[in-house]
Amino acid sequence: MRDIDSDRMLIHVERGKGGKDRDVMLSPSLLVLLRDYWREARPQGWLFPGQSRVEPLSPRSLNRAFNSAKRMAGIKKPATLHSLRHSFATHLLEADTDVRVIQVLLGHAKLTTTARYTHVATKTLRNVSSPFEHIQDVT
């Protein structure tokens with residue numbers, strides 16, 4: 001719980017993908033949900049404790065919860081927890097978020113790693129006007 005900074009609206013991620021620490025944005029609506037959950041569950045230590053309550057939720061338990069949520073939502077398309085990372089990056093790109101900001105949020109050391117996500121941002125590509133259109137305006 002100490003990793004949630006509601007004043008700055010950030011979540012500190014420890015040992016995320018690649019074992020890297022980073023800060024990511026905290027959505028105001030997510031903060032409301034987390035506070036409601038905390039008031040109801042009153043977890044000690046970890047916000048989402050594992051079976052022993054001293055350890056965090058295990059990757060296996062998290063995968064089970066993810067797959068259960070997918071089934072309950074009626075999602076039949078193959079997806080993994082890592083798919084959420086790709087979706088996050090793609091939605092940010094489609095919302096015109098600077099690729100360098102996305103690089104920081106994902107914890108990538110190299111911009112070329114982040115650039116891999118650009119191939120799936122079709123909405124962004126569709127909305128870019130061709131330089132050819134500008135040439136026609138001149139003639």
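This structure is a prediction, so every number in the text was calculated from the model and none was measured.
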Using the side chain to side chain contact (heavy atoms under 4.5 Å, CB included) rule, take V24 and R22 through it: C-alpha gap first, then chi angles, then the decisive distance, then the call.
CA-CA 7 Å; V24 296; R22 69 183 126 288; 4.3 Å; yes
Under the side-chain contact (heavy atoms from CB on, under 4.5 Å) test, which residues partner [X], sequence neighbours left out?
X: N67; answer: K70, R71
X: S52; answer: V54, E55
X: L84; answer: F66, L81
X: D36; answer: V32, R39

Intermediate values then yes/no, side chain to side chain contact (heavy atoms under 4.5 Å, CB included), L93 and I102:
CA-CA 8 Å; L93 278 168; I102 299 169; 3.6 Å; yes
Rounded to the nearest 0.5 Å, how far does [atom2] of [Y] lie from [atom1] of [X]?
X: T97; Y: H91; atom1: OG1; atom2: NE2; value: 11.5 Å
X: I4; Y: L10; atom1: CD1; atom2: CG; value: 11.5 Å
X: T114; Y: H108; atom1: OG1; atom2: NE2; value: 5.0 Å
X: H86; Y: L106; atom1: NE2; atom2: CG; value: 9.0 Å

Can you list everything that forms a salt bridge (charged side-chain N to carboxylate O under 4.0 Å, His left out) with D21? Sequence neighbours excluded, please.
none
Qualifying residues under salt bridge (charged side-chain N to carboxylate O under 4.0 Å, His left out), relative to R85, sequence neighbours excluded:
none
Evaluate side chain to side chain contact (heavy atoms under 4.5 Å, CB included) for D23 paired with I11, printing each intermediate quantity in order.
CA-CA 6 Å; D23 290 323; I11 299 174; over 6 Å; no
Return yes if some donor-acceptor pair links the side-chain N/O of S83 with the main-chain N/O of T80 below 3.5 Å, else return no.
yes
Given side chains that start at C-beta, do those of L92 and E94 come closer than 4.5 Å, heavy atoms only?
no
Which pair of heavy atoms, one from L34 and one from L26, lies closest together, and at what distance?
CD1-CD1, 4.3 Å
Contact summary for D98 and R100, nearest pair of heavy atoms
OD1-N, 2.7 Å
By the ring pair (Phe, Tyr, Trp, His ring centres under 6.0 Å) test, which pairs, at least two apart or in different chains, include something from residues 7-53?
Y37-F48
With side-chain hydrogen bond (donor to acceptor under 3.5 Å, both in side chains) as the rule and sequence neighbours excluded, what pairs involving residues 24-35 come up?
S6-R35, S27-S29
Could you work out, with side chain to side chain donor-acceptor pair (under 3.5 Å) as the rule, every residue matching S58, not counting sequence neighbours?
S61
Exceeds 12 heavy-atom contacts within 6.0 angstrom, atom CD of E14
yes
Linking I/L/V/M/F/W/Y whenever their side-chain heavy atoms sit closer than 4.5 Å, directly or via other members, would M25 and V13 fall into one cluster?
yes
Are I75 and F88 grouped together when hydrophobic residues (ILVMFWY) are joined by side-chain heavy atoms under 4.5 angstrom apart?
no
